[in-house]
Amino acid sequence: MNVDIFVNGKLEKWIRQIEEWKDIFEARAIENDRDATFPFQNFNDLKNHGFFQLTVPKKYGGEEVSLYEFLLIQEYLGEADGATALSLGWHNGIVMKIREDQSWNENAYESICLEIVKQGVLMNSCATEPASGSPARGGKPQTVATKVGSDYIINGHKTFTSLAPILDYFIVTATIEDSGEVGEFLIPREKEGLSIKPTWDTLSMRATRSDDLLLENVRVSSEALVSIRKNSKEKKPQGWLLHIPACYLGIAKAARNVAVDFAKEYTPGSLRHPISEIPEVRRKVALMDIEIKKARHMMYHVAKLWDEKPELRSQLGDELASVKHVVTNSAVEIVDIAMRLVGGQSLHRSFPLERLYRDVRAGLHNPPADDLTYMMIGNRAFEENN
Ligand SMILES: Cc1cc2nc3c(=O)[nH]c(=O)nc-3n(C[C@H](O)[C@H](O)[C@H](O)COP(=O)(O)OP(=O)(O)OC[C@H]3O[C@@H](n4cnc5c(N)ncnc54)[C@H](O)[C@@H]3O)c2cc1C
């Protein structure tokens, strides 16, 4: 393994494991992308090596990694397979979110954490809908929870449910009919009335199987209501969401490495040496490496602030959104440069850059989208107390 100045001692074991899997994950990624199949084998490996419990608190038997550590693991996984990294990132990110903002009743959190550690269960948030769009934009869910006695009956339709084929628990946002509040309901996969509609046939991140979730008269007890969504003024900045840019940075690093390896080998008829000796090729490699450094330094600096100065977290909203913006756009730019360096061969489906180019685009549509970040930061400049 090359020396990585960002990897600390505690992380070495995890990073070494991912490096060991790299070739096999890359090989599986080709098939899973082609067939839009979920990377079950990767998840089996990840489960057996404790990756499902990375963010579970130590008191419940987990690893309780910090945000900084979580992001580095995401970045390395993203380099091996973006779809695997993004999918696992949702599960670990949500466990971290609840750990940090204590938004669930502690008994419910303890119980799910113990299931994660002992049985390797997976969960994800199902918050996006065809009608109300991205939850990051503040729309109220059209999925409705109706109180009947002490139970709730839930009806609705969710889109973009990453990990759909393998989830044990779905965290479903729904508008509670009598109060108008938005609740999060923890629903086990086997509940009657819950089904998956395999709609995920996309350009990017095909192996995440972010299918539709249908809820038809799903009856749950009141204990399934694990939290009530805060209104926008009470909402706290969410560090865990940086698992998204970390994953796309990994994809970009993979593209950079493909381009560098290509440049070392490719010797066209017009030259007596590989194209790596051409100054313009080196300039392109430098541009990619500078983008990677820019993105990493910014992301890990903010992650350290988050970890080491919890008292500043409420002020880090702009920083987190800026990291998402800078890192995902850098990642798109890096893959673009890698393809320009390689040239026309990069367009072949048999060449890894073609998939990396498609996958990296998805980052632009994960939250927060750039337009939301511009609005938030732009508005801040004109707030009264600024
Ligand atoms: C690979 C991948 C995996 C995902 N996994 C999950 C998951 O596991 N769980 C989950 O819940 N979600 C998931 N998502 C969904 C994601 O979080 C977004 O909800 C989704 O991509 C839709 O975002 P959007 O901004 O395009 O949505 P929309 O809200 O539909 O917006 C579409 C467009 O309309 C415009 N627009 C809409 N509303 C406004 C507004 N109020 N003001 C200004 N402009 C507006 C903007 O131009 C925007 O680009 C995933 C997405 C991707 C790409």
Side-chain angles (χ1 to χ4, degrees), residues 29 32-33 36 38-39 43 74 77-78 81-95 97 122-143 156-174 182-187 189 196-215 229 232 238 240-248 250-251 321 324-325 328-329 331-332 355-379:
N32 288 322
D33 171 67
F38 188 80
F43 271 74
Q74 277 295 110
L77 266 180
D81 177 27
T84 294
L86 188 70
S87 302
L88 185 69
W90 290 123
H91 163 83
N92 279 327
I94 284 161
V95 175
K97 168 192 153 62
L122 287 169
M123 63 176 177
N124 188 18
S125 165
C126 315
T128 306
E129 298 188 346
S132 51
S134 169
R137 297 181 185 281
K140 231 176 178 188
Q142 310 239 322
T143 298
H157 179 180
K158 300 288 178 181
T159 47
F160 292 95
T161 306
S162 294
L163 295 142
I166 200 175
L167 284 177
D168 299 284
Y169 287 99
F170 299 78
I171 305 168
V172 172
T173 52
V182 175
E184 283 187 338
F185 292 84
L186 182 68
I187 309 181
R189 182 178 200 97
I196 305 292
K197 192 172 169 199
T199 48
W200 193 248
D201 184 12
T202 47
L203 178 85
S204 312
M205 292 298 213
R206 292 167 60 75
T208 62
R209 287 293 341 163
S210 305
D211 288 310
D212 287 15
L213 172 70
L214 306 180
L215 301 129
R229 190 159 86 183
S232 54
Q238 304 285 315
W240 68 280
L241 276 175
L242 292 189
H243 80 88
I244 297 168
C247 156
Y248 292 99
I251 294 174
K324 159 67 173 45
H325 172 70
T328 16
N329 283 287
V332 169
R355 172 173 43 83
L356 299 171
Y357 173 75
R358 287 186 286 106
D359 280 350
V360 83
R361 296 283 316 170
L364 301 175
H365 308 297
N366 287 134
D370 286 345
D371 64 297
L372 273 174
T373 299
Y374 301 145
M375 188 171 70
M376 180 172 85
I377 295 177
N379 286 350

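Ligands are counted one by one from 1 in listed order, and the atoms in each one are counted from 1 as well. FYI, the numbering just counts along the sequence from 1.
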Enumerate the atoms of ligand 1 whose separation from the nearest heavy atom of Asn366 is less than 4.0 angstrom.
2 (C), 3 (C), 4 (C), 50 (C), 51 (C), 52 (C), 53 (C)

Crowding at OH, Tyr357 (>12 non-hydrogen neighbours, <6.0 Å):
no

Under 30°, 30 to 60°, or over 60°: which ring-plane class applies to His325 and Tyr374, parallel, tilted or perpendicular?
perpendicular

Taking only non-hydrogen atoms of Ser210 and a 4.0 Å limit, the atoms of ligand 1 in range are 3 (C)

At what distance, to the nearest 0.5 angstrom, does CG of Asn124 lie from CG of Asp168?
12.0 Å

Which residue owns the protein heavy atom closest to atom 18 (C) of ligand 1, what's the atom, and how far is it?
His365 O, 3.7 Å

Tell me the closest heavy-atom pair linking His91 and Met123, and the distance in Å.
ND1-N, 3.1 Å

Geometry only, no angles: is Thr208 polar-contacting ligand 1 at N/O separations under 3.5 Å?
no

My question is simple, although I want it checked carefully: is atom 52 (C) of ligand 1 less than 4.0 angstrom from any protein heavy atom?
yes

Can a protein heavy atom be found under 4.0 Å away from atom 13 (C) of ligand 1?
yes

Under 4.0 Å from atom 30 (O) of ligand 1, is there any protein heavy atom?
yes

Value for CG (Leu88) from OG1 (Thr84), rounded to nearest 0.5 Å, stands at 8.5 Å

For Pro135, state whether at least one heavy atom is located under 4.0 Å from any atom of ligand 1.
yes

Note: Asp33 and Arg206 closest approach over all heavy atoms is O-NE, 2.7 Å

Proximal ligand 1 atoms for Asn124, defined as those under 4.0 Å from one of its heavy atoms:
7 (C), 8 (O)

Working to the nearest 0.5 angstrom, can you tell me the gap between Cys247 SG and Asp81 CG?
8.5 Å

Considering only protein heavy atoms, which is closest to atom 1 (C) of ligand 1, and at what distance to one decimal place?
Leu86 CD2, 3.7 Å

min-distance protein heavy atom vs atom 7 (C) of ligand 1 -> Phe160 O, 2.7 Å

Atoms of ligand 1, numbered as shown, that sit under 4.0 Å from any heavy atom of Trp90
4 (C), 5 (N), 6 (C), 8 (O)

Closest non-hydrogen protein atom to atom 5 (N) of ligand 1, residue and atom name please, with distance?
Ser162 OG, 2.8 Å

Under 4.0 Å from atom 38 (N) of ligand 1, is there at least one protein heavy atom?
yes

Of Cys126, Pro141, Pro130, the residue whose pairing with His157 passes side-chain contact (heavy atoms from CB on, under 4.5 Å)
Pro130

At a 4.0 Å threshold, what atoms of ligand 1 neighbour a non-hydrogen atom of Pro367?
17 (O)

Among all protein heavy atoms in this structure, tell me which lies nearest to atom 22 (C) of ligand 1, with the distance rounded to 0.1 Å.
Ser134 CB, 4.0 Å

Minimum heavy-atom distance Ala246-Gln74, with the two atoms named:
CB-CB, 3.7 Å

Nearest non-hydrogen contact to atom 42 (N) of ligand 1 from the set Arg137, Glu129, His91, Arg361 belongs to Arg137

Considering only heavy atoms from C-beta outward, does the side chain of Trp90 approach that of Ile244 to under 4.5 Å?
yes

So which protein heavy atom does atom 19 (O) of ligand 1 come closest to, and at what separation?
Thr128 OG1, 2.9 Å

Under 4.0 Å to a heavy atom of Ser125 - the qualifying atoms of ligand 1, by number
7 (C), 8 (O), 9 (N), 10 (C), 11 (O)

All side-chain hydrogen bond (donor to acceptor under 3.5 Å, both in side chains) counterparts of Glu129, not counting sequence neighbours
Ser132, Thr143, Lys158

Rounded to the nearest 0.5 Å, how far apart are CG of Leu122 and CZ of Arg189?
10.5 Å

Please indicate, with yes or no, if any protein heavy atom is found under 4.0 Å from atom 34 (O) of ligand 1?
no

